[in-house]
Structure formats: structure tokens, C-alpha cells
Amino acid sequence: MPTSADHPVVTRFAPSPTGYLHIGGGRTALFNWLYARGRGGKFLLRIEDTDRERSTPEATAAILRGLTWLGLDWDGDVVSQFERRDRHAEVAHQMLARGTAYKCFSTQEEIAAFRAEEEAAGRYPVFLSPWRDADPAAHPEAPYVIRMKAPRNGETVIDDKVQGQVVIRNETLDDMIVLRSDDTPTYMLAVVVDDHDMGVTHVIRGDDHLNNAARQQMVYDAMGWEVPVWAHIPLIHGPDGKKLSKRHGATGVEEYQAMGYPAAGMRNYLTRLGWAQGDAEIFTTEEAMRMFDLAGIGRAPARLDFKKLENTCGHHMAMTDDAALLHELVAYMAAAGRPPLTDTQTALMKKALPFLKKSAKTFPELIDKASFLLIDRPIAADAQAAGSLDTVSRGILKSLTPRLQSASWTKDALEAILTQAAAENGLGFGKLAAPLRAAIAGRSVTPSVYDMMLVIGQDETVARLKDASE
RNA sequence: GGCCCGUUCGUCUAUCGGUUAGGACACCAGGUUUUCAACCUGGGAAGAGGGGUUCGACUCCCCUACGGGCUGCCA
């Protein structure tokens, strides 16, 4: 059996535009992208929009947005399967000419009746068309479909890089329809024709297509085309092990974007979900491209684990360089409908990012930790922070302001001043830190007081302490 | 119903006949500390069940159970 293993790699992602980009679809796209990009190959995108009833341009746009956010870029133009319908019909007629397909005049009613009858009798309904070997001279003037003339005996072997050799007995497969009575192609024909014409060498897709692969391989054989390398990956399940659905929470890629997970962390997590290479856990996208292979893909469905997702994203927050992180933060804020950062806030954020990013896992968390630099005087203290601003504390803050005013604004100098002030008042530094937090950030939970003071600067710090001490 | 796929700590997984079954997340305990985190150290935690094959099975085969997929003029 020929494979395309020796050619330059061409993979594709082929979603049907009937909704948003599902997280499982996102991972399938990621695997295809990683595989191609890691081998200098091409990653193509095709929209399977032959079902005119269910396909919408909005869904296509949503899928493209999701892929773009995930950072998965595709080569060339997006292919519309629907627009290739003439080519599909052409191939169907070539099959007719080659004798590997035939016209079937059975009506849908006849077939439905047959199925109902078989099922009632407790049998497996494999519809065998009476037209398979009919004399063309006996063909009526009536609408017909074109059916593949599938082998009736023997078996079809799918050599799958993930599932191994899968053997399907041909007698369990019926003669699938390749061209409908309205001359539109069915999925089974369209995928094969498109994958062939687009030069796809590796088909990496959900294992819900595993059985289909047998039928599709028959089309390749019927046309004398080279069969691609198959890799059917397991679907993603919800935390309870059931098929991932809406009741598990977020299923759309864009929902994860809205929750503020960084795209690089999302890619890392998704790559590790169902794929592994040794003990590698946290890696950059470049490393993932180098490491990713088909052999490392697991055969069992994986469950989504939000805790691990968060942890992975936390690592990536810390790993990302400040400029790129700021860029992504700004994009997140815009997408989340938050007001954009002012120039001043941007400048402060740049100074704060080096320490903020070390502990944040998501953008909302990052923004929350940055709250001290986003607010303006006078600072409104929340209930708990206000509680630490008692008379004594305010007195201490008041005595502190002149000293801070004349201090050199370095961490060492500030540390010396604050430690000394705490000692003078017979307090541990912890006791002094609370009112400082309240004065500077209006909160009881904040980043390090030194870090905050260094970011907002001397004048602003003194002003906030003065405000709080009055 | 039939066919196909799957099943290692709670979760993601390593192991490709011989290991005290490893790592990560989560969890628990301790440490560090200026709050929350982060960070450091330690700990508990797994081969679905039953048969084979083999000197030896998580690993190979069979059965059962459970989960998933396909069984459309949907993709």
C-alpha cells in the first residue's frame, strides 16, 4: 500500500462551519499545525461547507478567529469545499466511467423502508442497491445518485499511525453515495478529492472518522490515488470522562480566550493533552514543533483539567518576555471590552510586568494584581484594608512621608527606611506592611510593597501615604 | 443490535517482557516570607476484572465489564 511518507509534509484542518471552534477541533488543528511546521511542511485550511443548511459564514469567521488567537497560521487561501463541487462531481463521473461507481435509482423512501424492515427483524441494515450491476439500458428516466461500487468481500486495512492496523471487513460496508441526486457531493467523496487535490500527505483528525477512513480509502483505490498517512486521534472528554459538551462549561476556543488564558500556555496544555514525549511538560512552541510526532499520541481520550491548564499558563506567563506579554495583555483587554491602558498606565505596567507575571496564571489575574497601578488618587480602601488604617498606623505613615520624600528611590534604601520605622514602633515588618498596602493599593492583598513603591515612584507613593494618613 | 477504538495514581502521562512502575497537575505536611501568590522540601496515591502465553507480564493473546465512535442523499 503506497503512502506519502517520503514527500514534504502537507497537513490540513477541515472543520465544518456549523458553530464556534470547539476545543477538540482546536487541538486537532494544533496537532496538524505542529506536525507540518515542525517538518518544514505546509498546513492548509479547508472549510467543509457542503451542507448548505447548516453552514454559516459567521461560523467560518468564528473558526478563523479561534485559530488566529491560538496562533495557528495556515498556508495559502482558505479552501471552500462547496466551491469545489464541480470538481467533486467530475470525479464521481470519472468513477462511473471507470466502473468503480454506478447510478442508483432507489428512492430514499425505499431505502428507509428497507432499513426499518431489517431493524425490525433484528438485522444490521446494510443497504445493497439493486442497481449495482444493472444494465444501463434498463436505467429509468429518473433522479439517481452515484454510489461507490465497494468491494463486497475481503477486508480493508487502515494503517493508522495512532490506532495501529485497523481491519474492517468489507461486507460490513455498503455502497456509499458519492454524488447526491442534486449533483452535490457527499462528505466521503469531497474529503478524498480535496485532500488529494490539495496534496495532503498526512490526515490527522478525530477518531470519530476512523471507520470512515476505510470507505475513503476505497475511493483513493478506485481513483488510483496515493493513500495519505492516517492518524486518528482520540476525542477530548470532560472532567467526568463523558464526551465534552456544554454542560462541562467552556467548549469553544474563544471562551478560553475570554477567560484570559495566554495563547502560548493554551498551546502547551493542548499539546500535552493526549500527547507526550518522556517527561516533557513545559515547552515553548518552537520546542513543541521540534518534539511533536505521531508516535507520541495516546490512544485513549483525555479529560480536560482546568487546574493543569492554569498551572501551564502560569509557567508561560512567567516565560513570556515583557514586550510580548504587554502586547497580548492589551489585546486581551480590548477583546474583553476593558478600557485601554493610558500611556501612563502602560509605562507603569512595563515596570511592573517583571514581577507581576511571575505569579499570574491568566490575564484577569494579572490585571487584578496590577490594580495598584491602574487606580488614581484618592485611593479608596476596601473594608479589610481600611481596617488596618487605624490611628496608630496613620501616625506611622505620617512620620514616614518626610523620610520617603528625601530617600533615594532604590529597593535597598526603601528597605532600610521601612525596617527601621517598624523597629522604632516596636513592630514586625508585617504589621507595617498592612497599612502601607492599604495606603498604596487600597487592598490587603497586593504585590510586594517595595515593588509597588518602585513602580509608582516617589512622588506618587508619598502622595498616597499622605492621603491615607490624614 | 452489528462493526471499530479505548482502559497505568483523582487528572495528563512515561514504560515499548525483567524498574522499589517514573514525571507533571491536584491534594496533604513542613520550610521561606511582607499579605495573596510564587518558590523550596517531603508525603500519600495507579496497571478495570478474569483467564491464558512465558522462567518472568502494565507490556503479548482471549473473555467480561465499563467508556467512546461509526452504522445518513450530515460533516
Side-chain angles (χ1 to χ4, degrees), chain A residues 14-18 48-51 53-55 81 104 106-108 111-112 115 118-119 122-127 143-147 158 160 162-164 166-169 171-174 176-182 184-188 190-191 206-215 232 234-235 237 239 241-243 269 272-282 295-296 298-312 314 318 355 358-361 365 368-369 384-385 388 418 422 428-434 436-437 441 443-450:
Chain A
S16 42
T18 54
E48 310 225 311
D49 50 359
T50 54
D51 184 340
E53 297 292 306
R54 299 195 298 156
S55 299
Q81 189 160 67
C104 169
S106 296
T107 65
Q108 296 192 55
I111 298 167
R115 288 215 174 91
E118 288 293 290
E119 276 174 37
R123 282 190 297 268
Y124 177 59
V126 175
F127 177 71
Y144 61 87
V145 298
I146 297 182
R147 283 184 188 272
I158 298 299
D160 193 280
V162 174
Q163 309 289 343
V166 179
V167 180
I168 287 138
R169 295 206 321 281
E171 64 197 72
T172 66
L173 268 23
D174 57 10
M176 64 172 174
I177 293 171
V178 291
L179 202 69
R180 301 188 186 103
S181 48
D182 63 356
T184 62
T186 59
Y187 164 75
M188 292 293 178
V191 235
D207 69 6
D208 49 334
H209 289 285
L210 183 55
N211 284 286
N212 293 336
R215 322 179 85 130
H232 289 91
L235 271 19
H237 285 183
K242 301 284 185 187
K243 190 181 176 184
Y269 175 73
R272 269 294 279 108
L273 191 64
W275 173 86
Q277 186 174 97
D279 290 337
E281 293 283 352
I282 302 297
R299 290 142 308 275
R303 306 181 191 198
L304 225 38
D305 181 352
F306 283 84
K307 291 287 192 180
K308 186 149 185 175
L309 203 212
E310 279 185 16
N311 181 277
T312 303
F355 61 85
K358 280 194 275 191
S359 63
K361 297 184 175 78
E365 198 183 339
D368 186 61
K369 288 173 188 293
Q384 205 179 337
S388 57
L418 296 186
F429 182 63
K431 289 288 181 192
L432 178 58
L436 282 169
R437 282 199 188 87
R443 296 180 172 199
S444 55
V445 174
T446 71
S448 149
V449 292
Y450 299 119

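By convention in this document, chain letters (A, B, ...) are assigned in the order of the sequence lines, proteins followed by strands, and residues within each chain are numbered from 1.
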Among residues at least two apart in sequence or on other chains, which ones pass side-chain contact (heavy atoms from CB on, under 4.5 Å) with [X]?
X	result
Ser16(A)	Thr18(A), Glu48(A)
Val445(A)	none
Asp305(A)	Tyr269(A), Lys307(A), Lys308(A)

Nearest to the [X] side chain among [options], which nucleotide is it?
X	options	value
Ala302(A)	C36(B), G72(B), U13(B)	U13(B)
Asp51(A)	C73(B), C5(B), A75(B)	A75(B)
Leu210(A)	C5(B), C12(B), C73(B)	C5(B)
Arg180(A)	A38(B), C74(B), C12(B)	C74(B)
Glu365(A)	A24(B), A37(B), C4(B)	A37(B)
His237(A)	A38(B), G67(B), C73(B)	G67(B)

Rounding to the closest angstrom, what is the interatomic distance between [N] and [M] at atom [atom1]?
N	M	atom1	value
G50(B)	A14(B)	P	24 Å
G68(B)	U59(B)	P	24 Å
C25(B)	U20(B)	P	26 Å
A24(B)	G44(B)	P	14 Å
G18(B)	U11(B)	C1'	29 Å

N/O donor-acceptor pair, side chain Arg437(A) with base U34(B), under 3.5 angstrom: yes
Presence of donor-acceptor pair under 3.5 Å, side chain of Asp207(A) and base of G69(B): no
At 4.0 Å (heavy atoms only), tell me whether [X] reaches a base, stays on the sugar-phosphate, or touches nothing.
X	result
Arg443(A)	nothing
Met176(A)	nothing
Lys369(A)	base

Ser444(A) side chain near U35(B) phosphate (N/O to OP1/OP2, under 4.0 Å): no
N or O in side chain of Arg272(A) less than 4.0 angstrom from U13(B) OP1/OP2: no
All ring pair (Phe, Tyr, Trp, His ring centres under 6.0 Å) counterparts of Phe306(A), not counting sequence neighbours: Tyr256(A)
What is the distance, rounded to the nearest whole Å, between atom [atom1] of [X] and atom [atom2] of [N]?
X	N	atom1	atom2	value
Ile168(A)	G2(B)	CD1	P	17 Å
Leu235(A)	A75(B)	CG	C1'	14 Å
Arg215(A)	C70(B)	CZ	P	12 Å
His209(A)	C74(B)	NE2	P	16 Å

Distances for protein N/O vs nucleotides 25-32 of chain B N/O pairs under 3.5 angstrom?
unit_1: C25(B); atom_1: O3'; unit_2: Asn311(A); atom_2: ND2; d: 3.4
unit_1: C25(B); atom_1: O2'; unit_2: Lys308(A); atom_2: N; d: 3.2

Contacts of Arg180(A) that satisfy salt bridge (charged side-chain N to carboxylate O under 4.0 Å, His left out) - sequence neighbours left out: none
